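Lettering follows sequence order; numbering is per chain, from 1. Every value quoted in this text rests on a predicted model; they were computed, and no experiment measured them.
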Amino acid sequence: MGRCGNGIYFGRSRMTAKEYISEQLENFLKFKHIEDLDIILQKPKDTKHGDFASNLALQAARHLKKKPADIAAEIRDYITIDEQYISKIEIAGPGFLNFFAASDNLFAQLSQILEQREQFGRSDLGKGKKAQVEFVSANPTGPLTIGHGRGAVFGDTICRLLEANGYDVTREYYFNNAGRQMRVLGESVRLRYLEELGETVTFPDDHYQGNYIRDIAQTIIKKHGSALKDDPESLVFKDTAEAAIFADIKQTIKRLGFEFDVFYNEKTLYDEGRIDAVVRELNKKGLIACRENATWFLSSKLGMEQDRVFVKSSGEPTYRLPDTAYHIEKIKRGYDLIIDVFGADHIAAFPDVLAAVKALDYDVEKIKVLIHQFVTLTENGEKVKMSTRKANFITLDDLMDDVGEDVTRYFFLMRNMNAHLNFDLELARTQSDENPVFYIQYAHARICSIISLGKTKQLSPDQNANFQLLKETEELNVIKHLLSFPGIVKASAVHYEPHRLVNYLFELASLFHRFYTVCRVVTEDAELSKARLSLIDAVKTVLANGLGLLGISAPEQM
RNA sequence: GCCCCUGUAGCUCAGCUGGAUAGAGCAGAGGCUUCCUAAGCCUUGUGUCGGGAGUUCGAAUCUCUUCAGGGGUACCA
């Protein structure tokens with residue numbers, strides 16, 4: 001309502017320039033009896049093309065059978081130029097309509113940023129709605145690695161973006177501590193335990209090789225001595241490992257800057273009978289069959305390529321069955337939005353699961369599956385293959401030790417999630433000073449420094465400063481970019497693409513640095529100084545708000 | 001074989017619902033500080049937007065096809 005995309009506010013009016021122009025264009029369409037044409041107002045790349053551009057004349061050419069340029073002229077004459085909103089309209093190129101916003105009203109909006117402060121950029125898009133985001137969800141077999149990092153940071157940032165848009169968000173971690181992996185983990189610990197007690201054992205290749213296994217064995221020795229030596233069935237090994245590894249994972253996640261609200265154990269689904277219920281209900285729909293002692297989900301009846309095994313002939317369910325039960329359980333909890341964050345290796349798993357959920361008449365439209373591509377790690381120009389089992393991995397903690405938490409988060413967020421992330425370890429380690437995150441943070445620190453200098457001269461930012469004095473191109477470019485922040489936050493959330501915000505902040509920092517070299521802020525001219533201090537205070541606000549949404553700190557000095 | 005993702009400057013990548021001369025960082029070359037942090041700014045070169053066809057006023061963006069890379073296609077998760 002109050003905010004609108006790239007909208008620019010005008011005075012006390014509740015309508016933005018964009019809304020005003022849209023309304024005028026709608027009226028034109030009605031006047032001409034043209035239907036099914038969308039009004040598209042773009043922010044032109046080139047500032048010479050105004051603040052908003054419309055291609056309406058080009059599109060309407062088909063309907064009206066006239067030249068686009070003539071229609072554009074007709075539209076221009078049709079529109080009432082209310083100087084509260086627009087200063088002029090130009091026709092350019094093949095028939096674009098370029099609208100120029102009235103500058104006085106840019107200033108009114110700038111003032112708004114200083115009034116809204118940390119609220120600026122937030123919206124109530126998801127007000128009253130509950131969202132649940134499931135991510136990381138690594139089984140507790142080892143420390144979180146760089147491979148998990150992307151999903152972790154991406155998931156948390158999605159949560160932050162949803163929260164900024166008014167959603168009530170639950171961060172959830174789903175795990176399974178009962179499968180084959182975990183049995184191997186327990187056995188790995190037991191063998192190391194025996195080794196540490198001086199026994200000679202053969203340690204199989206397919207067991208967990210990492211040093212952390214030995215550490216866990218040591219803690220067991222401290223607590224139990226050699227009492228478990230002849231008890232190969234003891235659950236102490238697995239349980240101790242699970243507890244230790246989970247503690248480690250939680251600590252890593254805390255360091256990344258967030259915490260999970262819920263750790264959901266897959267076992268719960270069995271205990272509550274939800275697994276059996278899924279099979280029973282699907283069976284009622286004729287979607288279950290037994291073949292060769294296994295229970296099959298007849299997904300081919302629902303248009304899937306092939307049927308899938310839900311329960312193996314051994315009696316053990318495949319992952320698809322509990323996943324189905326889990327999603328149904330989440331829907332029953334009453335969320336309006338359910339998000340799964342998966343790595344590309346899970347891409348094949350969800351269509352069958354969603355098909356099963358849908359077959360049982362649940363609303364799968366609420367479920368959004370976000371897939372992020374892999375992180376390919378390179379070191380010395382060579383790809384590093386990572387495997388938790390082989391202990392051939394770099395942990396997230398290692399990474400944060402090397403380059404810091406901020407750089408870690410930034411690195412994982414800066415690229416589109418459906419593109420592979422090429423993580424160059426050497427670059428992250430040795431050239432971290434050149435990382436763009438510092439460029440953005442430096443802009444923030446610089447502003448803090450200037451503002452404190454202003455204070456020594458009794459000059460402070462003021463939302464009622466005389467913004468009319470801001471006339472330089474560099475100043476106006478900064479202001480216009482600031483005003484598009486709410487739209488970026490919204491778009492980043494709606495499309496689940498945090499990298500849009502990353503790019504936005506980088507551009508803002510760039511525009512600020514340019515402004516800084518051209519315009520001196522603190523001068524003998526008190527009025528102008530105040531106006532510029534207020535401007536950079538607004539930049540600082542947006543930088544801090546934006547970095548906050550990415551979980552990256554905004555330092556006061558560097 | 002089939003499905004999904006990707007292919008844009010030497011390298012790493014942006015490019016929003018198709019729009020007006022395709023952008024940034026790094027790397028290369030050169031410059032800027034009597035003055036608010038030089039972790040900064042400015043100048044400079046680079047493109048068959050993987051190839052081909054189509055849709056249209058207009059395509060890096062949509063459709064088809066083809067090539068290349070990654071992932072999936074298990075009674076593993």
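Here the side chains of R308(A) and T318(A) are not in contact, with every heavy-atom distance at 4.5 Å or above. Put simply, the side chain of L302(A) reaches to within 4.5 Å of the side chain of F297(A), judged on heavy atoms.
In this structure, CD in Q557(A) is found 8.5 Å from OG in S452(A), a value given to the nearest 0.5 Å. Taking OG of S137(A) as the reference point, atom OH of Y264(A) lies at 12.5 Å (rounded to 0.5 Å).
For D345(A) against G71(B), a side-chain-to-base donor-acceptor contact under 3.5 Å is absent. At a cut-off of 3.5 angstrom, counting only N and O atoms as typed in the model, there is no donor on one side facing an acceptor on the other between the side-chain of N435(A) and the base of A39(B).
Residue H49(A) has its side chain nearest to A20(B) when only G72(B), A20(B), G19(B) are considered. For H495(A), taking side-chain heavy atoms from C-beta onward, the closest of the listed nucleotides C41(B), A14(B), U17(B) is U17(B). Listed nucleotides: A77(B), A24(B), C16(B). Nearest to the side chain of F506(A): A24(B). In this structure, of C75(B), U17(B), C36(B), it is C36(B) that holds the atom nearest to the side chain of V521(A).
Contacts of residues 298-307 of chain A with RNA chain B (heavy atom under 4.0 Å): E305(A), Q306(A). Non-hydrogen atoms lying under 4.0 Å from RNA chain B are contributed by nothing in residues 535-542 of chain A.
When heavy atoms are screened at a 4.0 angstrom cut-off, A491(A) is found touching no nucleic acid atom at all. As judged by a 4.0 angstrom heavy-atom cut-off over every strand, A443(A) is placed among residues making no nucleic acid contact. At the heavy-atom level, R180(A) lies nowhere under 4.0 Å from the strands shown. The residue C519(A) sits close to a base: some heavy atom pair falls under 4.0 Å. Nucleic acid contact class of T318(A) (heavy atoms, under 4.0 Å, all strands): sugar-phosphate only. Residue contacts for Q441(A): at a heavy-atom cut-off of 4.0 Å it reaches no nucleic acid atom on any strand shown. Here N422(A) lies in heavy-atom contact (under 4.0 Å) with sugar-phosphate atoms only.
Note on Y439(A): a side-chain N or O is less than 4.0 Å away from OP1 or OP2 of C41(B). In this model, the phosphate group of A38(B) is approached by a side-chain N or O of Y442(A) to a distance below 4.0 Å at OP1 or OP2. Between U37(B) and R446(A), no contact under 4.0 Å exists linking OP1 or OP2 to a side-chain N or O. At the phosphate of C76(B), OP1 or OP2 sits under 4.0 Å from a side-chain N or O atom of K312(A). Between K45(A) and G15(B) there is no side-chain N or O to OP1 or OP2 distance below 4.0 Å. Close to U37(B), at under 4.0 Å from its OP1 or OP2, lies a side-chain N or O of S449(A). At the phosphate of C42(B), OP1 or OP2 sits under 4.0 Å from a side-chain N or O atom of R514(A). Residue Y516(A) places at least one side-chain N or O closer than 4.0 Å to OP1 or OP2 of A38(B).
With both pairing distances under 3.5 Å, A20(B) is matched to nothing as a Watson-Crick or G-U wobble pair. The nucleotide C26(B) finds its pairing partner in G10(B), both defining distances of the Watson-Crick or G-U wobble pair being shorter than 3.5 Å.
In this structure, the ring of F260(A) has its center no less than 6.0 angstrom from the ring center of F175(A).
Shown here are the side-chain contact (heavy atoms from CB on, under 4.5 Å) partners of D525(A), two or more places apart in sequence or in another chain: T523(A), E527(A), L528(A).
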Give me, pair by pair, the N or O atoms of the protein and of nucleotides 31-35 of chain B that are less than 3.5 Å apart, along with how far apart they are.
{"from": "C35(B)", "atom 1": "O2'", "to": "R520(A)", "atom 2": "NH1", "distance (Å)": "2.1"}
{"from": "C35(B)", "atom 1": "O2'", "to": "R520(A)", "atom 2": "NH2", "distance (Å)": "2.9"}

Under-3.5 Å N/O pairs linking protein and nucleotides 5-8 of chain B:
{"from": "C5(B)", "atom 1": "O2'", "to": "N418(A)", "atom 2": "O", "distance (Å)": "2.4"}

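Using atom C1' as the reference point in both A24(B) and U8(B), the two lie 12 Å apart (nearest Å). Nucleotides C13(B) and U37(B) have their P atoms positioned 36 Å apart, rounded to a whole Å. Going from the P atom of G45(B) to that of U61(B) covers 27 Å, rounded to whole Å. Between C26(B) and A68(B), the two C1' atoms lie 25 Å apart (nearest whole Å). For the C1' atoms, the distance from G7(B) to G50(B) is 6 Å, rounded to whole Å. When the C1' atom is used for both C2(B) and A74(B), the distance is 16 Å, rounded to whole Å. Nucleotides G1(B) and G10(B) place their P atoms 32 Å apart, quoted to the nearest Å. Taking atom P in both C5(B) and U43(B), the straight-line distance is 39 Å, to the nearest Å.
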Show me the donor-acceptor pairs, under 3.5 Å and distance only, between side chains in residues 494-506 of chain A and residues at least two apart or in other chains.
{"from": "E497(A)", "atom 1": "OE1", "to": "R500(A)", "atom 2": "NE", "distance (Å)": "2.8"}
{"from": "E497(A)", "atom 1": "OE1", "to": "R500(A)", "atom 2": "NH2", "distance (Å)": "3.0"}
{"from": "N503(A)", "atom 1": "ND2", "to": "H499(A)", "atom 2": "O", "distance (Å)": "3.3"}
{"from": "Y504(A)", "atom 1": "OH", "to": "H481(A)", "atom 2": "O", "distance (Å)": "2.6"}

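Nearer to the 5' terminus of RNA chain B, by closest-nucleotide assignment, is the contact made by L421(A) (compared with the other of A294(A) and L421(A)).
Side chain of E26(A) to backbone of S22(A): no donor-acceptor contact under 3.5 angstrom is found.
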